[in-house]
K.L.:
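First the structure, then my questions, so here it is.
So you know, we letter chains A, B, ... as the sequences are listed, proteins then strands, and number each from 1.
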2 protein chains.
Amino acid sequence: MSRYIVRMPGPRFTLDRSSPVPLYFQVAEQFEHAILSGEIAPGERIDNEIALAKDLGLSRPTMRQAIQVLVDKGMLVRKRGVGTQVVHGKIRRSVELTSLFDDLSAAGQKPRTEVLAVGKVAAEEDVAHELQLGIGDDVWSLERLRFVGKQPLAVMHNFIPLDVVDLDAVDLEKTGLYAHMRTSGILMRVARQRIGARGAGADEAALLGEKKGAPLLTMQRTAYDNAGRAVEYGRHAYRPDLYAFELTLVDR
Amino acid sequence: MSRYIVRMPGPRFTLDRSSPVPLYFQVAEQFEHAILSGEIAPGERIDNEIALAKDLGLSRPTMRQAIQVLVDKGMLVRKRGVGTQVVHGKIRRSVELTSLFDDLSAAGQKPRTEVLAVGKVAAEEDVAHELQLGIGDDVWSLERLRFVGKQPLAVMHNFIPLDVVDLDAVDLEKTGLYAHMRTSGILMRVARQRIGARGAGADEAALLGEKKGAPLLTMQRTAYDNAGRAVEYGRHAYRPDLYAFELTLVDR
DNA sequence: GACGTCAATATGTCAGGACAAAGGGTTGAC
DNA sequence: GTCAACCCTTTGTCCTGACATATTGACGTC
């Protein structure tokens, strides 16, 4: 195993060329850590690509690729003729292709799920349209109520084509829908989301402990796999006092 | 001017090497067009990078860069050992660093803006915190009401540090805040958004033609420039029957 | 002293080549 | 007939090298 330790003006970087982790990614990771820890301050300029590449024993394209990762994350900004500088230390993780369950788990909370109904139903027009099926075709319908602590947080209604997964023998109160789909070999690559708001219906209000007509945050999501096949369509409603969507935008 | 016309299995691509537009971008644009027009169908596999590069008279890195642009947009998916295929023909433009004004203008609508109040106010705690200022420091405060057609769509309240722009001599009913900031040399590169919902207050309700307590879609945004300086903080409320946020997520 | 010009600097773009790794299909042994 | 081993295809990673272009600051001229 060849292992280089490089000393730089600011941080110390370690490269492991025997690792399966790509070199550009190793560099990006350590740069990110140095920025997040404040070792490199926002506004500060980092060394130019050529010098960095030379110091680390890398080629310039590889060094550029590493920097590009952080530029895409919105942590660095490049300016031709000037250099590359740190924009902002604490970038929140951008909205990703994860579920509320994942989000809460990552936040260290203990989400609880109550399955209200699972079964096959005939697809209504909008469901059929989103899932690229015919109207009236059978699809899985899954209604769940999500709690955080003891408080009801969201009602979630998902529709899934029958040939994507089998929901019969699954304990969806424990695994989470997305986790189950992933372990079933369904790889979701692209999703379209629509975030809006509306007043709570009577049934939703009862489930969420709100009054009828109370404002709810809504999200509709259609997820597609590698082949462009629609594999999931969900309509969710969140209590706005407990949940909001955060995202970081980067202009490129 | 050298101009090559290349014939391919599917589409015909044109490269202009004398153009200031980068080659990889020219290729990406034409690929995108071919996909959006349906010339290349979703699910279809495109030629491998090496063949494409050869056909177009480009190097493989340049060809890869072109494909990468569309992968980042979520239109193409790469699989090692397999190939690159079209995921989804109609990707909506992802949420970008633009304003509602830009969005509506692009959609061909005629947005109208009514400035409710402009002036300097002492920053409250949350405003000061978001803009990295001291509590009580003077900031620009701008309240506007946005119409689409004759219908009120959103109330927008923006706060801007005094040293970023001068709002006194500006006709904000015509230009739009973001457009004015751009022409003032303010380049916004990163923004953090938080999307939620709540009930309308009495004043908002009156402005938007809704009842008090009616559900509103809310968005808070803090925008930063190249140097990581906070240049704008906005609190907006939208009528949910007229507006929603759409975004496309790509898992990478 | 003001202004235009030029050089230094740094990123942007592009070429061409090499090997590694993953996925899928084929072939072969049992 | 089944399953493992092998090979082919294609993308992933990395290298060296070169020129273009935007920005800044220094220098020189007027």
Side-chain angles (χ1 to χ4, degrees), chain A residues 1-2 4 9 13 15-29 31 44-72 76-87 185 187 189 225-227 252, chain B residues 1-2 4 6 9 13 15-29 31 44-72 75-87 185 187 189 225-227 252:
Chain A
M1 185 176 77
S2 60
Y4 300 94
F13 281 38
L15 291 184
D16 181 356
R17 297 192 93 98
S18 72
S19 161
V21 179
L23 292 174
Y24 76 89
F25 197 79
Q26 293 184 37
V27 176
E29 268 187 326
F31 248 116
E44 194 175 327
R45 248 184 48 204
I46 66 175
D47 278 355
N48 70 67
E49 296 172 350
I50 301 184
L52 282 172
K54 192 183 168 197
D55 284 351
L56 291 168
L58 295 172
S59 69
R60 192 182 155 212
T62 303
M63 195 61 225
R64 269 185 75 78
Q65 199 175 358
I67 292 175
Q68 189 60 44
V69 172
L70 300 182
V71 170
D72 288 344
L76 293 179
V77 169
R78 287 205 246 238
K79 273 194 284 190
R80 184 191 297 202
V82 180
T84 306
Q85 56 182 193
V86 179
V87 180
L187 212 56
R189 295 300 288 263
D225 69 1
N226 280 335
R252 281 183 284 182
Chain B
M1 185 176 75
S2 59
Y4 299 94
V6 179
F13 281 41
L15 291 184
D16 180 359
R17 296 190 93 97
S18 72
S19 162
V21 178
L23 292 174
Y24 76 89
F25 197 80
Q26 293 184 36
V27 176
E29 270 185 326
F31 248 118
E44 193 174 330
R45 248 185 47 205
I46 66 176
D47 278 355
N48 69 66
E49 298 171 348
I50 302 183
L52 282 172
K54 192 184 170 196
D55 284 351
L56 291 168
L58 296 171
S59 69
R60 191 182 157 212
T62 302
M63 196 60 226
R64 268 185 76 76
Q65 198 174 359
I67 293 174
Q68 190 60 43
V69 172
L70 301 182
V71 171
D72 288 343
M75 302 180 72
L76 294 179
V77 168
R78 290 204 245 237
K79 272 193 284 189
R80 186 190 299 200
V82 181
T84 304
Q85 53 182 198
V86 179
V87 179
L187 211 55
R189 295 300 288 264
D225 70 0
N226 279 335
R252 280 183 283 182

K.L.:
On DNA chain D, check which nucleotide each of B/P20 and B/G83 is closest to and give me the residue with the more 5' one.
P.N.:
B/G83
K.L.:
Nearest nucleotide by nearest heavy atom, which residue falls closer to the 5' end of DNA chain C, A/N48 or B/V21?
P.N.:
A/N48
K.L.:
Looking at B/T62, does any N or O in its side chain come under 4.0 Å of the phosphate oxygens OP1/OP2 on C/dT13?
P.N.:
no
K.L.:
With the side chain counted from C-beta on, respond yes when A/F31 and A/V69 share a heavy-atom pair under 4.5 Å apart, and no when they do not.
P.N.:
no
K.L.:
Closest nucleotide of DNA chain D for A/R80 versus for A/S59: which of these residues is on the 5' side?
P.N.:
A/S59
K.L.:
Could you tell me the separation between the NZ atom of B/K54 and the P atom of C/dG16, rounded to a whole number of Å?
P.N.:
13 Å
K.L.:
Quick one: pull up CZ in A/R64 and CD1 in A/I50 and give me the separation to the nearest 0.5 Å.
P.N.:
10.0 Å
K.L.:
Within this structure, what is the CD1-OG1 distance for the pair B/I67 and B/T84, rounded to the nearest 0.5 Å?
P.N.:
5.0 Å
K.L.:
Can you tell me how far P of C/dT11 sits from CG of A/L70, to the nearest Å?
P.N.:
14 Å
K.L.:
Whole angstrom is fine here: how far is it from CG in B/D16 over to P in C/dT13?
P.N.:
16 Å
K.L.:
Heavy atoms only, 4.0 Å cut-off, all strands: where does B/L58 land among base, sugar-phosphate and nothing?
P.N.:
sugar-phosphate
K.L.:
Taking only the side-chain heavy atoms of A/E49 (C-beta and beyond), determine which of C/dG12, C/dT13, D/dT11 contains the nearest atom.
P.N.:
C/dG12
K.L.:
Indicate, with a heavy-atom threshold strictly under 4.0 Å, whether A/I50 touches base, sugar-phosphate, or nothing.
P.N.:
base
K.L.:
How many whole angstroms separate atom CD of A/Q65 from atom C1' of C/dT13?
P.N.:
15 Å
K.L.:
Is there a side-chain contact between A/T62 and A/L56, using heavy atoms and a 4.5 Å cut-off?
P.N.:
no
K.L.:
Could you work out which one of D/dC15, C/dC14, C/dT11 sits closest to the side chain of B/L23?
P.N.:
C/dC14
K.L.:
Counting distance only, does the side-chain N/O of B/E49 pair as donor-acceptor with the main-chain N or O of B/M63 below 3.5 Å?
P.N.:
no
K.L.:
Considering only C/dA10, D/dT11, D/dT16, which nucleotide approaches the side chain of B/R78 most closely?
P.N.:
D/dT11
K.L.:
Between D/dC14 atom C1' and A/Q68 atom CD, what is the distance in whole Å?
P.N.:
17 Å
K.L.:
Just to be sure I understand the rule, does A/P61 reach a base, reach only the sugar-phosphate, or reach nothing, if contact means heavy atoms closer than 4.0 Å?
P.N.:
base
K.L.:
From CG of A/L76 over to P of C/dG12, roughly how many Å is that when rounded to an integer?
P.N.:
12 Å
K.L.:
Just how far, in rounded Å, is P of D/dC14 from CG of A/L56?
P.N.:
13 Å
K.L.:
Counting heavy atoms from C-beta on, name the nucleotide in C/dA15, C/dG12, D/dT11 closest to the side chain of B/R17.
P.N.:
C/dA15
K.L.:
Nearest 0.5 Å, what's the CG-CZ distance between B/L76 and B/R45?
P.N.:
13.0 Å
K.L.:
Ignoring the backbone of B/R45, work out which of C/dC14, C/dT11, D/dT10 is nearest its side chain.
P.N.:
D/dT10
K.L.:
Figure out the CG/P separation between B/L52 and D/dT10, and round it to whole Å.
P.N.:
11 Å
K.L.:
Within the pair B/Y24 and C/dC14, is there a side-chain N or O less than 4.0 Å away from OP1 or OP2?
P.N.:
no
K.L.:
Is a donor-acceptor contact shorter than 3.5 angstrom present between the side chain of B/R60 and the base of D/dG12?
P.N.:
yes
